[in-house]
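Hydrogens, waters and symmetry mates play no part in the numbers below; they use all other heavy atoms, side chains included. For the single chain, residues carry numbers from 1 onward in sequence order. From a predicted model like this one, the values you see are computed outputs, not experimental measurements. Counting convention: from 1, in listed order, for ligands and their atoms alike.
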Amino acid sequence: MCGIVGYIGKREAYPIIINGLKRLEYRGYDSAGIALFDGTDIQLSKTKGKVVDLEARAEKEITMKGNLGIGHTRWATHGVPNDVNSHPHYSNSGDLVIIHNGIIENYASIKKELQNRGYTFKSDTDTEVLVNLIEEVKKKENVKLGKAVQIALNGVVGAYAIAVFDRNKPDEIVVAKLGSPLAIGIGDDEFFIASDASPFIEFTNNAIYLEDEELAIVRLGRDVKVRKIKNDKLVTPHIHELQLNIEQIEKGGYDHFMMKEIYEQPSVIKDTYRGRLLADQGLIHLGGLEDYIPKFLNADRIIIIACGTSWHAGLVAEYVFEDLTRIPVEVEYASEFRYRNPIITEKDVVIAISQSGETADTLAAIKLAKEKGAFVYGICNVVGSSISRETHSGTYTHAGPEIGVASTKAFTTQITVLTMIALKLAKTKGTISKRDYMLYLHELELIPTRVEEALKSNEKIKEIAEVFKNASNFLYLGRGCNFPVALEGALKLKEISYIHAEGYPAAEMKHGPIALIDENMPVVVIAINSDHYDKVVSNIQEIKSRKGIIIAVVTEGDTAVTEMADYVMVVPKTPEMLTPLVTTIPLQLLSYHIAVLLDRNVDQPRNLAKSVTVE
Ligand code: G6P
């Protein structure tokens with residue numbers, strides 16, 4: 001949520017900041033801005049809209065060159081998206097310039113105090129309050145910028161990743177973080193600042209990820225100095241060697257990141273199990289899990305916490321874990337869990353699932369579970385993210401950077417990891433037969449091929465999308481472990497096409513949604529070969545007799561549903577427990593094509609953010 005980027009060094013800062021903002025635009029895209037500093041003058045340009053709108057405006061407004069710059073792409077929290085509320089923000093004197101990702105919760109009282117001292121505010125943002133608070137501290141305490149930032153941040157409540165510079169200190173940017181991510185790229189006497197490493201990957205492979213409540217002074221000619229904001233202690237930062245490469249963060253010939261990411265699924269699922277799943281030897285080895293298997297096996301229950309698509313992966317895991325391991329599983333929205341005074345004991349194991357590893361509610365839920373003594377295991381995609389650091393142990397999905405706001409490859413790689421964990425636990429506990437265990441291992445290894453097969457229906461699905469692109473509502477139905485897939489299919493459609501869609505367990509349809517069915521209601525039914533097949537066939541008949549239109553996801557070779565359905569999307573055969581990994585593919589493609597046909601902004605749907613770092 002909100003992307004920040006900064007540069008200080010010998011190069012011209014403008015192109016680095018603009019390109020960086022484009023790469024971070026997945027984090028927020030309702031407005032964007034840039035400030036450049038040439039050692040004497042500061043020029044600032046900002047606008048409501050996207051980074052391309054900023055570029056158009058900056059072309060006229062930024063007339064100089066500068067070696068220091070900061071930029072911001074916004075997802076509004078305080079104040080509507082407009083030019084004035086866009087970042088960067090000046091302090092009243094015009095000396096300090098700030099960009100901020102996060103929320104200052106006590107901004108209203110600070111603002112009042114500053115107003116009493118004569119400060120005025122142009123915007124409605126909490127950020128402008130923060131930069132003036134820093135200015136006030138700097139003047140009152142007669143301290144340098146770094147110290148002023150530190151004192152000011154000790155007085156605020158909320159979350160932040162900030163970068164701020166001072167007209168009087170042309171060789172320095174001060175950054176700090178709590179709750180929102182911040183990386184510092186280290187070049188040859190040049191530094192890059194960003195919400196993630198993607199803006200500077202072509203310049204350096206070395207980066208420091210600030211921890212919460214840390215402040216860094218990034219000054220030319222000097223090593224980065226990192227301090228704890230609360231107690232002023234100097235910290236020796238760990239310099240990470242980045243594994244990212246430039247191809248991973250570009251579209252690779254696809255029109256949209258979402259499509260690229262859908263098509264990457266065969267390879268990233270393979271990357272996720274590579275070296276961990278050795279089917280021929282009957283082995284699963286997950287580094288983060290090995291030492292903690294007894295924790296899982298002795299647990300009273302497993303609680304899975306997550307948000308959005310990751311929560312849907314958790315729901316799939318509930319079916320898989322309970323079936324294979326016979327350990328009770330509960331799946332909770334992190335946002336509900338954290339505020340409902342949940343009963344958690346040391347005998348509980350919590351699994352937190354998050355693509356970004358930065359979701360504020362999931363992070364807070366993890367902290368709560370830890371406080372209550374639970375063991376917390378993380379499943380994250382972003383290496384070094386806050387959630388991966390906050391959990392006791394965990395397993396990374398190897399999906400690579402996911403840029404499209406609608407999550408696709410993160411979902412299937414999360415299910416891959418969760419399935420491997422369940423199989424490993426079941427094998428150790430003895431709740432799975434040797435035969436079934438070996439079968440699942442081999443079938444899991446074949447999933448990339450199955451996904452490739454499922455992707456072959458793309459053209460057919462595009463035709464179906466053409467037929468239904470103007471529908472106002474969709475219903476998605478599934479049973480068993482495909483019920484969460486129905487939820488996920490509906491979510492994908494809502495997110496990127498803005499068509500209302502609901503996911504339901506097929507049998508529950510009779511308790512409400514059936515009232516909605518008429519000749520205008522497309523119903524997407526996951527009707528693959530499974531123990532529930534006959535029941536789903538009955539559900540389809542109930543819909544047909546009310547004139548509903550059936551778009552069915554069927555297993556190759558299917559006849560009964562294929563005859564009844566108006567349209568079918570075929571997926572290859574795989575054991576029922578693994579079907580979510582393939583049934584989700586046509587639903588991703590359907591939503592993608594409908595959104596493209598409706599001319600929606602597929603990768604940056606309105607109002608959404610990729611990484612929700614505020615609650
Ligand atoms: C946002 C994203 C979703 C994502 C959810 C949880 O809403 O738009 O795609 O599923 O956050 O994010 P996480 O990074 O924790 O998986």
Side-chain angles (χ1 to χ4, degrees), residues 1-3 24-30 75 77 101 179-181 195-196 256-258 261-262 304-317 331-338 350-367 376-391 394-397 399-418 484-485 487-498 503 584 587-588 591-592 595 600-615:
M1 216 155 238
C2 294
L24 291 178
E25 211 169 11
Y26 72 89
R27 302 182 61 84
Y29 33 83
D30 57 47
W75 188 91
T77 56
N101 163 24
S180 302
S195 300
D196 69 39
H256 301 96
F257 281 112
M258 182 181 178
E261 288 157 7
I262 290 174
I304 299 180
I305 48 175
C307 303
T309 291
S310 298
W311 183 73
H312 292 157
L315 287 180
V316 173
V331 189
E332 292 229 36
Y333 283 120
S335 54
E336 288 299 312
F337 176 86
R338 62 181 287 202
V350 170
I351 299 180
I353 311 172
S354 175
Q355 186 286 126
S356 62
E358 300 294 345
T359 302
D361 281 321
T362 310
L363 198 51
I366 291 168
K367 288 181 182 158
V376 185
Y377 198 83
I379 296 174
C380 290
N381 190 40
V382 178
V383 177
S385 55
S386 304
I387 291 176
S388 67
R389 294 197 305 257
E390 189 64 39
T391 42
T395 303
Y396 282 115
T397 51
E402 194 183 58
I403 312 283
V405 166
S407 188
T408 51
K409 60 177 181 170
F411 180 65
T412 43
T413 51
Q414 286 164 348
I415 295 174
T416 304
V417 165
L418 288 157
V485 178
L487 293 178
E488 175 60 10
L491 176 67
K492 286 289 87 78
L493 188 71
K494 274 184 278 209
E495 282 180 309
I496 59 170
S497 71
Y498 319 147
T584 198
L587 306 192
Q588 293 171 347
S591 63
Y592 172 81
R600 305 290 194 229
N601 189 336
V602 172
D603 286 333
Q604 296 167 0
R606 70 182 180 204
N607 305 340
L608 296 179
K610 181 77 188 153
S611 171
V612 181
T613 50
V614 295
E615 52 173 294

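- Among the candidates Tyr26, Trp75, Tyr29, the single residue satisfying the side-chain contact (heavy atoms from CB on, under 4.5 Å) test with Lys610 is Tyr26.
- For atom 16 (O) of ligand 1, the closest non-hydrogen atom of the protein is Ser310 OG, 2.5 Å.
- Using a 4.5 Å cut-off on side-chain heavy atoms (C-beta onward), Lys367 and Arg338 make no contact.
- Taking each of Cys380, Gly357, Ala609, Pro605 in turn, the one with a heavy atom nearest to atom 1 (C) of ligand 1 proves to be Ala609.
- Inspection of the Glu358 and Ser386 side chains reveals an N or O donor paired with an N or O acceptor under 3.5 Å.
- Protein heavy atom in closest approach to atom 4 (C) of ligand 1: Thr309 N, 4.2 Å.
- By the 3.5 Å distance cut-off applied to N or O atoms, Thr362 is not counted among the residues near ligand 1.
- Under 4.0 Å from ligand 1, not a single heavy atom of Ala410 appears.
- For the residue pair Thr309/Glu488, the side-chain donor-acceptor check at 3.5 Å is satisfied.
- Considering each of Ile387, Asp361, Val405, the one bringing a non-hydrogen atom nearest atom 9 (O) of ligand 1 is Val405.
- Contacts between Val612 and ligand 1, counted as non-hydrogen atom pairs separated by less than 4.0 Å, involve the side chain only.
- Between the CG atom in Asp361 and the CD atom in Glu332 there is a gap of 12.5 Å [rounded to 0.5 Å].
- Screening Ile415, Leu418, Val417 against Thr397 for a side-chain contact (heavy atoms from CB on, under 4.5 Å) leaves a single residue, Val417.
- Remark: ligand 1 and Gln414 share no N or O pair separated by less than 3.5 Å (distance only, no angle test).
- Between His256 and Tyr592, the ring planes lie perpendicular to each other; the angle is over 60°, past the 30° to 60° tilted range.
- To the nearest 0.5 angstrom, Ser310 atom OG is 11.0 Å from Leu315 atom CG.
- Heavy-atom proximity to atom 15 (O) of ligand 1, evaluated over Val382, Thr359, Ile379, Asn381, is greatest for Thr359.
- Atoms of ligand 1 found under 4.0 Å from any heavy atom of Ser407 (numbered from 1 in listed order, with element): 9 (O).
- Close contacts of ligand 1 with Lys610, meaning ligand atoms under 4.0 Å from a residue heavy atom, involve 1 (C), 2 (C), 11 (O).
- Regarding atom 5 (C) of ligand 1, its nearest protein heavy-atom neighbour is Cys307 O, 4.0 Å.
- Ligand 1 places these atoms under 4.0 Å from at least one heavy atom of Ser354: 13 (P), 14 (O), 15 (O), 16 (O).
- At distances below 3.5 Å, not a single donor-acceptor pair connects side-chain atoms of Lys409 with backbone N or O atoms of Glu261.
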